[in-house]
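Take a look at the structure set out below.
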Amino acid sequence: MNDYFPSVLVGHRPADQYRMSFTAGAHSARHVRRIVRSYLREWDLAELTDAVELGVTELLANVVRHVPDRRCTLLLLRRADGGGVRVEVADGCPRPPVPAGEVREDAEDGRGLVLLGAVVDKWGVGPGPGEGKTVWFECGGQARDSCDGTTTP
């Protein structure tokens with residue numbers, strides 16, 4: 001099966017995870033959102049769609065903006081209890097994301113991690129491939145934790 005066409009798009013029973021490695025570009029988030037939406041619907045987790053799509057969009061925007069080669073691996077996991085998901089975006093850049101402090105009203109960036117923390121249950125950063133990092137978030141089925149980016153996977 002082609003890695004770019006998840007099983008849910010071609011009529012097979014979905015697995016409990018989906019992994020895709022790619023070079024992120026201007027339109028990557030749109031395509032990944034479509035894939036994520038398909039999996040969430042198949043997993044009966046459609047109520048998480050808005051939050052997960054926003055989280056994926058923000059993490060991919062950070063790859064496009066801050067990772068020199070824009071290479072990344074996205075992992076979408078259904079939690080074992082079926083009540084939520086975990087999304088991981090790994091890249092080879094060692095520089096961790098830094099939540100913005102005070103953001104000017106007319107600033108065009110700096111709000112991504114604030115938005116992420118507002119819509120997901122928890123998020124954090126862990127070691128990634130080589131010298132890189134993995135930024136992750138979880139949605140669904142649990143009480144919201146304080147999300148400051150320091151939680152470990």
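Owing to the predicted nature of the structure, the values given are computational and were not obtained by experimental measurement. Sequential numbering from 1 along the given sequence is applied to the chain's residues.
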Shortest non-hydrogen separation from Pro129 to Thr134 and the atoms involved: CD-OG1, 4.5 Å
Between Asp91 and Arg71, is there a salt bridge with N-O shorter than 4.0 Å? no
Residue of the set Leu113, Leu116, Val89, Val67 for which side-chain contact (heavy atoms from CB on, under 4.5 Å) holds with Asn62: Leu113
Which residues pass the side-chain contact (heavy atoms from CB on, under 4.5 Å) test with Arg37, sequence neighbours left out? Arg33, Arg34, Arg41, Thr49, Glu53
The reported gap from CG in Leu76 to CZ in Arg86 (rounded to nearest 0.5 angstrom) is 12.0 Å
Distance-minimising heavy-atom pair for Val64 and Arg70: O-NE, 3.4 Å
Is the number of heavy atoms from other residues, nucleotides or ligands within 6.0 Å of CD (Glu131) greater than 12? no
Gap between atom CD of Glu58 and atom CZ of Phe137 - 0.5 Å precision: 10.0 Å
Is any side-chain heavy atom of Cys72 less than 4.5 Å from a side-chain heavy atom of Ser21? no
When you measure from the side chain of Arg79 to the backbone of Gly140, do you find a donor-acceptor pair of N or O atoms at a distance under 3.5 Å? yes
Okay, side chain of Trp43, backbone of Gly84: is any donor-acceptor separation there less than 3.5 Å? no
Do Val125 and Trp123 have side chains that get closer than 4.5 Å, going by heavy atoms? yes
CA sep, side-chain torsions, deciding dist, call: Arg19, Leu74, side-chain contact (heavy atoms from CB on, under 4.5 Å): CA-CA 6 Å; Arg19 180 185 310 267; Leu74 176 125; over 6 Å; no
Looking at Leu48 and Cys139, what are the two nearest heavy atoms and their distance? CD1-O, 3.7 Å
Are Leu59 and Phe22 joined in one hydrophobic group, where the rule is that I, L, V, M, F, W and Y side chains link up if heavy atoms are under 4.5 Å apart? yes
Nearest heavy-atom neighbours spanning Ile35 and Tyr18: CG2-CE2, 3.6 Å
Sort out for me which residue in Asp16, Leu40, Leu77 forms a side-chain contact (heavy atoms from CB on, under 4.5 Å) with Val85. Leu40
Decide yes or no on side-chain contact (heavy atoms from CB on, under 4.5 Å) for Val32 and Met20, but give the supporting numbers first. CA-CA 9 Å; Val32 172; Met20 178 173 64; 3.4 Å; yes
Is there a donor-acceptor contact under 3.5 Å from the side chain of Lys133 to the main chain of Ala90? no
Please find the pair of heavy atoms, one from Asp69 and one from Thr23, that lie closest to each other, and give the distance. O-CG2, 3.7 Å
Minimum heavy-atom separation for Ala51 to Val119, with atom names? CB-O, 3.4 Å
